[in-house]
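Note that this is a predicted model, so its numbers are computed, not measured. The analysis underlying the following values was restricted to heavy atoms, covering all of them including side chains, and did not include hydrogens, waters or symmetry mates.
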Amino acid sequence: MVIADRIAQRRVIEGISVFTVIRGIGIPGFMYLFPLYILTLGYHTIDLGPLATYAGVATALFLPVIGYLTDRGYAAEVGAASGLFISFSLAAPVIWKEYDALVLAYFLNYLGMMSWQMSRGSLTAKVVNTSSLGKYFGLYTMLYNAMNVVTPLTLGLALTVTSYEALLTILSLLVGAGSVIFVVMAFSPARKVESIMRSGIKKRSKEVWSECSNLSILKKSACIYKKALIVDKRLIPLVLFGVFDRYGWMLWMPMLNAYLKEYLGLNPTYVGIYNTLRGVAMLAAGLPVGHITDKLGGVKSLIINEFLGATGTLLLASGSAILIYTSALLIGWSIAFWIVGYNTISAILMGPQNLGRVRSSVDSLRTFLAIPAPAIGSSIFTALGPPSVFFLGALFMVFSTFPLGTSLKKKDKCLK
């Protein structure tokens, strides 16, 4: 733990927690409304794959810079900016309805999620003991999903009396206000944390971005991307896992809500119920998964995540209402294990002062290498039918556990 001031520590955690609750309305709101909204604009389920692919390219380009800023002492600023990204992503499709604006919206939403994960993980790892990281990430998961439980169903019911545009606008303003609240609550103590951390780094001289300092803008940019894209050997198992995992999910996830409506015939309210069930599963799993991860280690949590996710994905291909809703529970549990396991590993693997380096490297590579996944998923969906993408996605999920399993014993010793 970095800071001794318990008041500052508590304010950082409280600021993160409050903003997590607000984001638990905005992000699930986008994920629920956006796919259904574009159907009303004349687009189709298969359009979501290429859209997500284009957004993935842009996101991959920004992540190294986000990681650099996080590790250089600007984690709080990155966190506040992440909320503005989410806010703009909700407003963009209301203001402009062209395809380019939809790509921009998807990109800003995904960048907002990824930026927050770096900021939140970095700040948390600097104010709590490593043995308790799972507990706190479990807490965030629970708070997020407390809102995720009610948001899709509430929005589905609200659509019976108002428009997509009105709801997207309201959510945009709410998340924008959340960024301001986060700054008011956590910015000052977070800056104190960063100051103490930077002092410690200077004494230890272990900060991996140090060689990128005191360079011209062009040379600094080249150094940042080099650091992010040249994989440290300690990150290889996590990178391989991340790439296969992302293919497993992105082949079908961008199309899910539209698939439930367009192909299974669920109306927006029942699509909302599906998303709410998934949120209920994540909410119930949050704290238990945190304690399980602290006990078993992040690697085993990630393996559990993939097998739960693969099973839930296969059920989506069934067409049976009971099995479809059962898949929501399994996928919710899977995501809970992924969030806690992945954040715990990222915070410990190279130390909290280098969490941005870990996340920017792993997230950039898994995003960049999996850029074709949504478009490939749309093509397979069209050519072979919906079940094919779910079967292939489940296969990738199972396969993603192999890089972790080959070094499981060694990694668990240093990740627990």
Side-chain angles (χ1 to χ4, degrees), residues 1-30 59 62-63 65-92 105 107-128 136-137 139-148 151 168-199 339 343 346-347 352-353 355-356 359-360 363:
M1 186 164 57
V2 178
I3 66 175
D5 187 337
R6 296 293 180 179
I7 295 177
Q9 177 188 13
R10 186 174 67 250
R11 286 182 60 195
V12 170
I13 297 299
E14 288 175 350
I16 292 173
S17 299
V18 171
F19 199 21
T20 295
V21 170
I22 295 173
R23 295 170 70 92
I25 300 172
I27 294 176
F30 178 90
T59 303
F62 276 83
L63 289 180
V65 177
I66 297 296
Y68 173 79
L69 292 174
T70 298
D71 284 347
R72 296 302 289 176
Y74 300 100
E77 289 87 344
V78 168
S82 74
L84 297 180
F85 296 151
I86 300 294
S87 178
F88 291 148
S89 77
L90 289 156
F107 154 63
L108 289 174
N109 190 267
Y110 188 58
L111 182 63
M113 288 191 290
M114 302 291 280
S115 301
W116 175 244
Q117 289 171 12
M118 290 192 200
S119 168
R120 179 193 64 186
S122 177
L123 291 173
T124 302
K126 291 168 184 174
V127 299
V128 304
Y136 281 94
F137 288 126
L139 171 64
Y140 302 150
T141 301
M142 184 191 71
L143 292 173
Y144 179 91
N145 286 295
M147 296 297 99
N148 192 18
T151 296
L168 287 167
T169 300
I170 292 170
L171 293 180
S172 174
L173 294 173
L174 176 64
V175 178
S179 292
V180 175
I181 293 170
F182 173 72
V183 169
V184 171
M185 292 186 67
F187 187 82
S188 178
R191 298 301 296 164
K192 181 177 182 180
V193 173
E194 299 289 5
S195 176
I196 296 174
M197 175 59 77
R198 283 196 299 272
S199 175
I339 292 171
N343 279 283
S346 300
Q353 74 275 15
L355 183 140
R359 289 300 298 261
S360 66
D363 289 345

>> Let me confirm one number: the CG-CD1 distance from Leu171 to Ile22, rounded to the nearest 0.5 Å.
In response: 12.0 Å

> Can you list the steps and then say if Met114 with Ile66 is a side chain to side chain contact (heavy atoms under 4.5 Å, CB included)?
Replying inline: CA-CA 9 Å; Met114 302 291 280; Ile66 297 296; over 6 Å; no

Side-chain donor-acceptor pairs under 3.5 Å in residues 179-186, sequence neighbours left out?
unit_1 : atom_1 : unit_2 : atom_2 : d
Ser179 : OG     : Ala80  : O      : 3.2
Ser179 : OG     : Leu84  : N      : 3.4

>> Listing request: all salt bridge (Lys or Arg N to Asp or Glu O under 4.0 Å) pairs with a residue in residues 108-118, at least two apart in sequence or in separate chains.
In response: none

>> Between Ile27 and Tyr144, does the side chain to side chain contact (heavy atoms under 4.5 Å, CB included) criterion hold? Intermediate values first, please.
In response: CA-CA 10 Å; Ile27 294 176; Tyr144 179 91; 3.3 Å; yes

>> With side chain to side chain donor-acceptor pair (under 3.5 Å) as the rule and sequence neighbours excluded, what pairs involving residues 12-27 come up?
In response: Arg23-Ser82

>> Show, in sequence, the C-alpha distance, side-chain angles and deciding distance for Tyr136 and Ile13, and conclude whether the side chain to side chain contact (heavy atoms under 4.5 Å, CB included) test is met.
In response: CA-CA 9 Å; Tyr136 281 94; Ile13 297 299; 4.1 Å; yes

> If every non-hydrogen atom of Val175 is compared with every non-hydrogen atom of Gly26, which pair is closest and at what distance?
Replying inline: CG2-CA, 3.6 Å

> Do you know the tightest heavy-atom contact between Arg120 and Ile339?
Replying inline: NH2-CG2, 4.4 Å

> Residues in ring pair (Phe, Tyr, Trp, His ring centres under 6.0 Å) with Phe62, at least two apart?
Replying inline: Phe107

>> Once side-chain hydrogen bond (donor to acceptor under 3.5 Å, both in side chains) is applied, do any residues pair with Tyr140, and if so which ones, sequence neighbours excluded?
In response: Thr124

>> I need the minimum non-hydrogen distance between Gly112 and Phe85, along with the two atoms involved.
In response: CA-CB, 3.8 Å

> Do side-chain atoms of Ser87 reach the backbone of Ser172 as a donor and acceptor pair under 3.5 angstrom?
Replying inline: yes

> Can the ring centroids of Trp116 and Phe19 be said to lie less than 6.0 angstrom from one another?
Replying inline: yes

> Any donor-acceptor pair under 3.5 Å linking the side chain of Ser115 with the backbone of Leu111?
Replying inline: yes

>> Could you report the tightest heavy-atom contact between Val78 and Ser119, atom names first, then the distance?
In response: CG1-CB, 4.1 Å

>> Taking side-chain hydrogen bond (donor to acceptor under 3.5 Å, both in side chains) as the definition, give me every residue that meets it alongside Thr151, ordered by chain and number, with sequence neighbours left out.
In response: none

